[in-house]
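Report on one structure; see the data block that follows.
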Number of protein chains: 2
Amino acid sequence: MTPEPVRIAVGPKTSELLGRAITRAGATLAELDDARALVWDGGPAGFPQRLPVGIEWVQLFSAGVEEWFDTDVFERHPDIVFTSAAGAFARSVAEHALAMLLAGVRHLPEQLRARAWRQAEFFPRIGTLREATVAVIGTGGIGGELIDLLAPLGARVIAVNRSGRPISHSAVIETVPAQRLSEIWPRTDHVVVAAPATPDTRHLIGKNELSQLKPTSWVINIARGSLIDTDALVDALRDGTIGGAGLDVTEPEPLPDGHPLWDLPNAIVTPHDSNPPQLRTVAFAEHVADNVARFVAGRELNARIDVAAGY
Amino acid sequence: MTPEPVRIAVGPKTSELLGRAITRAGATLAELDDARALVWDGGPAGFPQRLPVGIEWVQLFSAGVEEWFDTDVFERHPDIVFTSAAGAFARSVAEHALAMLLAGVRHLPEQLRARAWRQAEFFPRIGTLREATVAVIGTGGIGGELIDLLAPLGARVIAVNRSGRPISHSAVIETVPAQRLSEIWPRTDHVVVAAPATPDTRHLIGKNELSQLKPTSWVINIARGSLIDTDALVDALRDGTIGGAGLDVTEPEPLPDGHPLWDLPNAIVTPHDSNPPQLRTVAFAEHVADNVARFVAGRELNARIDVAAGY
């Protein structure tokens, strides 16, 4: 007798890609009332007010789940396990972070503006990630992927995470717990912010932190705009306290027309496009296939949301 | 009885860094007339007309040695082994190549010009190196280092080298011999030129090759300007036949004021600064230390110049 197949629903509407991912992982597609899990390919609007009692697990389509915490979806379903898409989009976002960091270190923004062969002027400004110290704040999916990308470049990573549990990686020279974050600023060449947005991480980088960095330091934010005090960053960029900033997220977001960041020559602003839809769909389907296979096998799910911690 | 130390001269003048590299490698510094090898920390101008008969090996300070082939230094010293600095600067140049390629794929040039939040417009233009095919033409020092950098990004490398001898690397899906180069153009997403400048490689990329690439393809040249037909490249960039070009070297070089490449929005031109002096000195000393240790031990030297092949 073969075991009953695990039934999984997809909402708000089904897609062929997700359907294939689910069946490939050994489950079958089902209506919500008949399912043990729900893969939700949308935002909070339209999410069922009360899920059927048979639902044990819900997979959400989003890496950052603040907007879900603005609803009462988790409170309404205390017995259901929710997973985010954290990690699914990590590779694309880490690639974007590296693109901005390398562009900064290699002085590409100014070189792109040049209309003449300014070799003697640019020579001393060309930096390298080789032997450079890069603080990676947040060692979840994105931070972890980024460390893999930095390793062959010869960068030395200071990893910062909540627990301080050492990250075992050839490129990591030290893991610092978040409560000792204040120690890293004078010791690092560059900073990449890859931590979740929580009340604790709001304005994690402000005037005081920026003042301890180097005139060649680049600050990259591919997490959430709220982690950096924008006004302090604008001042540091204007004054040359730091080398530059690469921002895929901003506060406010969208960044309004006429905001000073648009005109600063040492700021790279990309409009939260590190994880564009055409790359996202495929990555989410891979994530779903992995988690469905785990669910079918009764193993621990990836990216389980910690409702108490708020992420 | 300890063996006689290996005596090595440095010219045109000594530097502390090179002196330390030589002694660290187990040799001693000597005057030219008393030495078995010469480390030449300069260009062809001022190179000795006739080296003492005791000299067996000369280490030159340059990765590309065309300017030395424009002299008769090699003919004048047929019994001496010459080594270049090929490989010494490979890491810095490979890092620069990656910076330009990622900037292109992530659409940074246009995003840097933006003065408003153009997310919907930029979304579809954001590419990724994940699962992208990158042809690396030339698998010497720079090409080899670049393959190491591309691997964790998930790129699939088509390696092109003279012999076609397979490059064993997890990221390399195929090694193509140079005489079959014409096969790669329709099959690759991006191209990085890292081959030496020889009569054979002149205008390796021209109108015909560019026409077979994709509108999203980036062409990166960190080797020598002569490898690309600049006029054909300008046409392809203007017409959008390809996505863009990242050029650290140009033909002519320096690129003159008013050249169309300066104004093309999809061209990144850096003035041959992928290997700036402050990064070069240290890398050359490391290269010298390695080669001196090899010379002392009687092992094969790195980057031996093949006078017949012209590189």
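In the text below, chain A, chain B and the rest are named by the order of the sequence lines, each starting its count at 1. Computed over heavy atoms, backbone and side chain alike; hydrogens, waters and symmetry mates excluded.
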Problem set entry | Heavy-atom contact with chain A under 4.5 Å, split by part of Leu279(B) | side chain
Exercise. Chain A heavy atoms under 4.5 Å from Leu108(B): which part of the residue, side chain, backbone, both or neither?
Worked result: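 For Leu108(B), the side chain is the part near chain A, not the backbone.
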Which residue out of [options] racks up the most heavy-atom pairs below 4.5 Å with chain A?
options                                   : answer
Thr128(B), Asp257(B), Val269(B)           : Thr128(B)
Glu95(B), Gln119(B), Met100(B), His107(B) : Glu95(B)
Leu129(B), Asn275(B), Asp148(B)           : Leu129(B)

Please flag which part of [X] lies under 4.5 Å from any non-hydrogen atom of chain B: side chain, backbone, both or neither.
X         : value
Arg91(A)  : side chain
Ala267(A) : backbone
Leu149(A) : both

Option in [options] with maximal non-hydrogen atom pairs under 4.5 Å from chain B:
options                                    : value
Ala103(A), Pro124(A), Gly127(A)            : Pro124(A)
Pro265(A), Gly104(A), Ala116(A), Ala120(A) : Ala116(A)
Ile268(A), Thr250(A), Leu255(A), Leu261(A) : Leu255(A)

Answer yes or no: is there a side-chain heavy-atom contact under 4.5 Å between [X] and [Y]?
X         : Y         : result
Pro271(B) : Gln111(A) : yes
Leu98(A)  : Leu98(B)  : yes
Arg280(B) : Phe123(A) : yes
Leu102(B) : His96(A)  : no

For this session: Heavy atoms only: give me the nearest Asp273(A)-Phe122(B) pair and the separation to one decimal.
Result: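 Closest heavy-atom pair between Asp273(A) and Phe122(B): OD2-CB, 3.5 Å.
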Seminar exercise, completed: Looking only at heavy atoms, the pair that brings Trp262(B) and Trp117(A) closest together is CZ2-N, 3.4 Å
Exercise. Would Ser92(B) and Arg106(A) count as having a side-chain donor-acceptor pair, cut-off 3.5 Å?
Worked result: yes
Exercise. Taking NZ, NE, NH1 and NH2 as the nitrogens, is one of them in Arg130(B) or Glu145(A) under 4.0 Å from a carboxylate oxygen of the other?
Worked result: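 Salt bridge flag = no for Glu145(A) with Arg130(B).
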Problem set entry | Arg156(B), CZ: over 12 other non-hydrogen atoms inside 6.0 angstrom |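 Open: at most 12 neighbouring heavy atoms sit under 6.0 Å from CZ of Arg156(B).
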